[in-house]
2 protein chains.
Amino acid sequence: MSSKPASHEGDRVLIERVTPQIDGGRHPVKRFVGDRVEVGADVVMDGHELIGARVRYCGPGFDRIREAPLVYRFEPDRFFGSFDVDEVGRWQFTVEAWPDHWGTWRADLRKRLDAGQDVLLEIREGASLLRRAAKARGSRELAVVADDLDDTGRRLEDRLSIAFNDEVRRLMAGPLDPQELTRQRRVLEIVVDRVRARFGAWYEIFPRSQGPQPGEHGTFATAEAQLPRVADLGFDVVYLPPIHPIGRTHRKGRDNTPTAGPEDVGSPWAIGSEHGGHTAVDPMLGTLEDFDRFVEAAHGLGLEIALDYALQCSPDHPWTREHPEWFRHRADGTIRYAENPPKKYEDIFPLDFWCEDREALWNACADVFRFWIDHGVKIFRVDNPHTKPLAFWEWVIAEIQREHPDVVFLAEAFTRPKRMKALAKLGFTQSYSYYTWKNRSWELQEFIEEFLLGEAREYLRPNLFANTPDILTDYLQEGGRSAFQVRLLLAATLAPTYGIYSGFEICENVPVRPGSEEYLGSEKYELRWRDWNATPNVNEDIRLVNSLRRQSPALQQLGNLQILPCSNEHIFCFRRYWGSEELVVVVNLDPHHPQEGVVDLPLGEMKGLHEGAAFDVEDLLSGERYGWTGSSNYVRLDPIERVGHLMRVVGSE
Amino acid sequence: MSSKPASHEGDRVLIERVTPQIDGGRHPVKRFVGDRVEVGADVVMDGHELIGARVRYCGPGFDRIREAPLVYRFEPDRFFGSFDVDEVGRWQFTVEAWPDHWGTWRADLRKRLDAGQDVLLEIREGASLLRRAAKARGSRELAVVADDLDDTGRRLEDRLSIAFNDEVRRLMAGPLDPQELTRQRRVLEIVVDRVRARFGAWYEIFPRSQGPQPGEHGTFATAEAQLPRVADLGFDVVYLPPIHPIGRTHRKGRDNTPTAGPEDVGSPWAIGSEHGGHTAVDPMLGTLEDFDRFVEAAHGLGLEIALDYALQCSPDHPWTREHPEWFRHRADGTIRYAENPPKKYEDIFPLDFWCEDREALWNACADVFRFWIDHGVKIFRVDNPHTKPLAFWEWVIAEIQREHPDVVFLAEAFTRPKRMKALAKLGFTQSYSYYTWKNRSWELQEFIEEFLLGEAREYLRPNLFANTPDILTDYLQEGGRSAFQVRLLLAATLAPTYGIYSGFEICENVPVRPGSEEYLGSEKYELRWRDWNATPNVNEDIRLVNSLRRQSPALQQLGNLQILPCSNEHIFCFRRYWGSEELVVVVNLDPHHPQEGVVDLPLGEMKGLHEGAAFDVEDLLSGERYGWTGSSNYVRLDPIERVGHLMRVVGSE
C-alpha cells in the first residue's frame, strides 16, 4: 500500500468473481475446441455512472488479442459475455472495465430532455467528452463529430441526433483514456483440448494375448488382426498396456505369485530388460517398425493408439545401470525397491524424482513422451500418477503440450478425491474415476453431482471405464450378462468418454478368489487367448451403443445431464440434451429382477415440450416407440429382455 | 512454465483452499483482538508419505514470526490449526508443508516390526535421516542422536527406543532441508480490530438540537448536558452528524424545501462556509476547544465520540476557492453541483476524486481524518461512501490504520449488496445494513444468513441501526410503542453492534407525508427540542437491554447465532451462544396482536442440555422463570405486556 494515491491509476472499478476460474486462477480451466467460453464478472464502481466492460483473450499463438463485450444482465453488478475457442492449446483471458462516460452522458441527456430541462451546457459537455477521446486516441473522425456537436450554428435537433447517433456510440466505446481502464489483476488461462479428448470409446487390449492360437505369444503383427474387429465394435481409441521389454529379476508368476517359471511372461508394468527400457519394445512383440505398422493400420481404420506411461523400472532396466543416481538406495547401497510397509514389491524400482540429478531425470521422462509421439502416439494413459510428484506432472504436461497441444494425458489415479482433482488441475486431460464402483442410484447420483456437474467439471473429465485389468467388481462378478449390459449402457451414456478392458465383451467375471477384484488368470501375468464370439457376450450391445453415440450430439458432450427422479430406487434415470436433442436414459440397476416405476420428466425445461404435453419417445436401442403424456410415465424393465431404454423424444432432433 | 525442472524446488506438495481467505487473498479477512483464528488448508502430496504442516504468522510489527502446527483431521487431505491475534493491526499468515520423512520412517518401522521383518537396514536409514537434519540445521544434538541410533554396539531395544523417542520426534519436526518446504504462494492478511469495533451500542444525536430550551440553538456545552443521560441508557458510542460550518448558498429549508429563510439552520451535510470546511466547527456550536471539552466529558462517562465524515462541499466551502481544480466544472466554467438527472442538488458540490491534482486532494481528505483523530475521535461514520471511489477508500483506510490501527470506519452504504460488500472488503470496519427494513421472519432470516452467518462475516460487520434521520420505516410509523420495542430488542440481540437515532426512545413516528420514510420536521433541516421523558417511550427497555448486553458474553459476539424454527411465522426465534452461555431470544414481530406458537430448540447442540431434557429458562427482561421440557415449547407474547423474551438457560452461564 503506497501513500501516493496517484498509484491508483487503473483502479476505477473493482473486478471480482471472474468465471470461469479455479483456485483464484492458480490453475487453468479446461475447454474443448469449438466450445463457447461463457465469461462472467462482478464489476463494482462508485456513483451512478454506467460501466463498460469487455473480455480480452488470445489463442495459443499469443499473436492476436481479441475482445468481446461484457454486458450487465441477470443479476446486479454482474456482467456476462462469451468467446469461442477455435484452436487447440493454451488460451488466456482477462476482464477489463471502465466508467462509460459517453453512455452515461447520453442516458442523462435523455432524462434531462424528458424533464424539459435546458441542455445546451450539457451538449457542450458531450462535445468535450468527444474531444477528450479524439485526443487520447488520435482520432480525426471523433474530432469532427465533436465540432459538429458543438456547432451552435446548427439546430438543436441536429445536435441531438449527433448525440444519440449509434455510430458515434460505437466510436466512443471503450475507455476514453487508457488510465481509466481497470484490468483484472490476474490473467486467467484456459487449456483447450481437441475433440477426441472429450468424446471417445476406449478399448484396452494386451497385444501379447493376441496370438494366432492359445498359448502362442502375440505380436504387433498378429494384434493388428484384431483391429478391424475393434473398429467394427465402434471404438475410437485402442489402449495398450506397456509394450516395453519386461524385467526378469523377481518377475511375478501367474496370478501374482512371487516366483515365475521360465515360461511366465511377467507383468508388462515391470518395465526394462537388457533389451531396453521405456523407449524400446518387447522383442517378443516385434520391432519398432512393427509397432509403427500397427499404429498405421489402426489409423487406417479410424482408431487412435493410446500407450501406457508407467514411470517405474524393473531391476533390469538400463537406467538402473546407467543412472543409479535416479533411484533411492538402501543403507547397504542397493537400490530401494517399491514398498508399502510391510509389503514389498521387489520387481519394481520407483524413481527418485527429487534426486540431485532430477533435471536430467525429469527431462529423460519427458523424452519418453517425445519418443512415442514421434511414433504416432498422441494419447497416454499414465499409470499411478499419484505416486509421482505433482510438480513433475505440472511441468511435463505443460512442456509436452507446448510442443504438441493435441496430446492427451489420462490419469490412472484411483486415489482420494483431492489427489485425483489435483492431478486434473495440474494438467491431466482426463481421469479414471470412481464410476467403476458406483452401482446403486445414490452412489451414481453422488458421483455425477461431484464429477460431472460440480465445480470439478471445469478441469476434470472422467473416462468411465467399466472394468480394468485390476478391477472386476462384485457387481460384474455376480450379475451375469445383464450386469455387463447395465454397466456398458451407463458408462456409454453418462459421459462422452468411456472404456472397457477386453474380456468385458464376453462377460469375463471370475475372480482369483472370493472377495477379490482381481481376475482369475489375470492377463497382467499371463497370456490370455479368447474366443470373441463366446457366449454370453455383449458384442451387439457395444456395437449398437457406440453407433448411437456417434449419431447423437447429446452423448458427445460433457455434463449436459440431469438426473431424473424415479419412484423405484433400482431404476436410474437421467436426461441428456444438446441443441434441440432430448434423450432420456432409463436403466434397471438390478441385473436379476424386473423393476418398474414412474419416471418424472421436467417437461417445462425440455426442448419442444411443455408441462402436460403428450409426446412420443423412441427407444434407440430397440426401435420401439412409446406414447407418453405429461411428466410422470411408467416404465418396466426386465433384464431378461433389456436392461434399459435410451429414448429420444421424437421430433427433438 | 520453465523447461528447467530444477525450478520446482519448493513444490513438493500442493497447498490449496486455505481458510480464512476471501477472493483468492485479494482482500484481508477481519478479526477482533483476542480472537482465535482457525486455519484450514488442503495439502496434497504424491505417494504414501506423511505430511507435516504449519501456519506461520506475524502481528502488526512484522518483527516476530511465529508458528503453529497444522494437524490432519476431520476430512481427507485437510489440515487444521489455529493461532490467537492479540494485537490490533494488520496481521499476515501463510501455510507451509513438507514431506514428513521422520514421521513416515517411524510409522513404517513400526509396521515392519509388527510384521516380524528384519529392521537393521531401516535403522541405519533412520540414522541417515537424523544426520541429514543435523547437517541442514547445524545441530550437534541431532548428530549425537544419529550416532547413538547407528551404534551397532547397542542392543536393538535401545536403538528402537531412540527411534520412537518423543523428544527426538520433536527435534525432527519441520522439513529436513529448507528446499523440501512448500510455502503457500500468496501471503494472506488479517485486519484485527479493537473490541469496540465488535461490541457497542450507538446513539446518534444532533448537538445543535440540544439547546437549553425549545428554539434555542444548542452548543457543545449544552449538548454535554445530555451525555449523562446517554451514558445512563447504557450506550457506548455517541455519533454526531457533521459539526462543521454549514453553507449558505442554496441552503435547504425546513422539510427539505428548496429555499431557506434567514432563520433556517440548514443541513449539516452541506459542509463549509466562510468559517471553514471539514476541519472547522460550526461557530453556532462553539469552538474547537468546546469540542475538545465535549469529547473529554464523553470519555469521562465511558462514551466514545463518533464523527460523521462526509466528503462533499457546500458552494461556500473554502476548497471551492482554494482548490477549484478538485471539483468538476460545467461547460460554462462553474463548478458542477450534485445531480442525479433530472434531479439537481445545488447546495452540494461533489469532489472530483480523479482530477489531475488528485494526489493533493486525496491527501487533504486523509488529513481530515488525522485532524479529528488529534482531537480524540477514533470512530468515523462515513457518509455515502459508495459515491466516492473504492480505490480511495482502500488507500485512505489503510493509510490511517497504519498510523492508528484502532480507528473504526463505519460505512453508510445503503446500496446494492455487492457495493456494500466491496466497501467492507476494501477496508471499512463496520457497515450500515438492510436490517432497518427487515421486519418479517423470512426477511430477517435472509438477512441473517447473508450478513451474519454467510461468507460476508469474514469481512463485513453490520451495525444494526433501528432508525436513522433518513429512515423512519413503515413498521415504526404504524406499530406504535410495541414496534419500537421489537426493533430495539432484535437489533440489540442479533448483533453485538447496533444503534438508534435520538427520538427513537420517545417513539417518534410521524413521517413528512404518507409513504415517505422521512421524518416530519426532519432534524436534518431544523432544530428539534425534545422532552426525553415524553410518553410513550422505551427508555426503560433501552436501559435494560444495554445492561444485559454488557453482562452477557453471547450478546457481545458476532455470528454465534442460530435461527430456530417456530410454528407461528409472526414469532421470530433464535439462539445466541458463547462459551457455556445459552440464550434463546423469542420476539413477536406483530406489534398489534398477541401471537403464540411452539418453538423448537436444538437441545442436543446446546451446552449442558440433551435431547428430551427438562430445564429452566429465565427471562432476563422480566426475571420470570419457566420450566421447559424437551425441544418443543409453547410461547405466547402479547405486545401489551411484552414483545419478547430474552431467555437464558438456567445454569448455562
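All values below were derived from every heavy atom in this structure, side-chain atoms included, with hydrogens, water molecules and symmetry-related copies excluded. Here is how names work: the chains are called A, B, and so on, in the same order as the sequence lines, proteins then strands, and each is numbered from 1.
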Salt bridge B:E16-A:R419, side-chain N to carboxylate O under 4.0 Å:
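No, B:E16 and A:R419 are not salt-bridged.
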Any ion pair linking A:R336 and B:E125 (charged N to carboxylate O, less than 4.0 Å)?
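A:R336 and B:E125: salt-bridged.
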Can you sort out the partners of A:Y345 under ring-ring contact (aromatic ring centres under 6.0 Å, His included), two or more places apart, ordered by chain and number?
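Listed in chain order: nothing, the list is empty.
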Among residues at least two apart in sequence or on other chains, which ones pass ring-ring contact (aromatic ring centres under 6.0 Å, His included) with B:F428?
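Testing B:F428 for ring-ring contact (aromatic ring centres under 6.0 Å, His included), a comparison that skips the adjacent residues, returns B:W393.
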For [X], is it the side chain, the backbone, both, or neither that has a heavy atom closer than 4.5 Å to a heavy atom of chain B?
| X | result |
| --- | --- |
| A:R78 | both |
| A:K421 | neither |
| A:K418 | both |
| A:N340 | side chain |
| A:E122 | side chain |

For chain B, which of A:K111, A:H329, A:Q21 has the most heavy-atom pairs under 4.5 Å?
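When all of A:K111, A:H329, A:Q21 are compared, A:K111 has the most.
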Top of A:P350, A:P342, A:A413, A:A107 for chain B proximity - count of heavy-atom pairs under 4.5 angstrom
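The answer is A:P342.
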Should A:R186 and B:R26 count as side-chain neighbours, where that means a heavy-atom distance under 4.5 Å?
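A side-chain contact under 4.5 Å is absent here.
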Taking the side chain as every heavy atom from C-beta outward, state whether B:H27 and A:L14 have any pair of such atoms under 4.5 Å apart.
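Contact flag for B:H27/A:L14 side chains = yes.
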Non-hydrogen atoms of chain A under 4.5 Å away: do they reach the side chain of B:R110, the backbone, both or neither?
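The answer is neither part of B:R110.
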Can you say whether B:L109 sits under 4.5 Å from chain A via the side chain, the backbone, both, or neither, judging by heavy atoms?
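Neither part; nothing is under 4.5 Å.
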Who in residues 112-120 of chain A is close to chain B, using a strict under-4.5 Å heavy-atom cut-off?
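Within residues 112-120 of chain A, the residues that come under 4.5 Å of chain B (heavy atoms only) are A:R112, A:A115, A:Q117.
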Results of salt bridge (Lys or Arg N to Asp or Glu O under 4.0 Å) for A:R416 - residues two or more places apart only:
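So A:R416 forms a salt bridge (Lys or Arg N to Asp or Glu O under 4.0 Å) with B:D77.
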What distance separates A:D46 CG from B:L423 CG, expressed to the nearest 0.5 Å?
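A:D46 atom CG to B:L423 atom CG measures 9.0 Å (nearest 0.5 Å).
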State the CD-NE2 distance between B:E339 and A:H48, to the nearest 0.5 angstrom.
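Output value for this atom pair is 11.0 Å.
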Would one find more than 12 heavy atoms of other residues, nucleotides or ligands at under 6.0 Å from atom CZ of A:R124?
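At most 12 heavy atoms, drawn from other residues, nucleotides or ligands, come within 6.0 Å of this atom.
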Choice from B:D108, B:D23, B:L361, B:L426 maximising heavy atom contacts with chain A below 4.5 Å
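Maximum pair count with chain A is reached by B:D108.
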I'd like to verify something: which residue of B:P385, B:A331, B:G24 has the highest number of heavy-atom pairs under 4.5 Å with chain A?
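Heavy-atom pair counts peak at B:A331.
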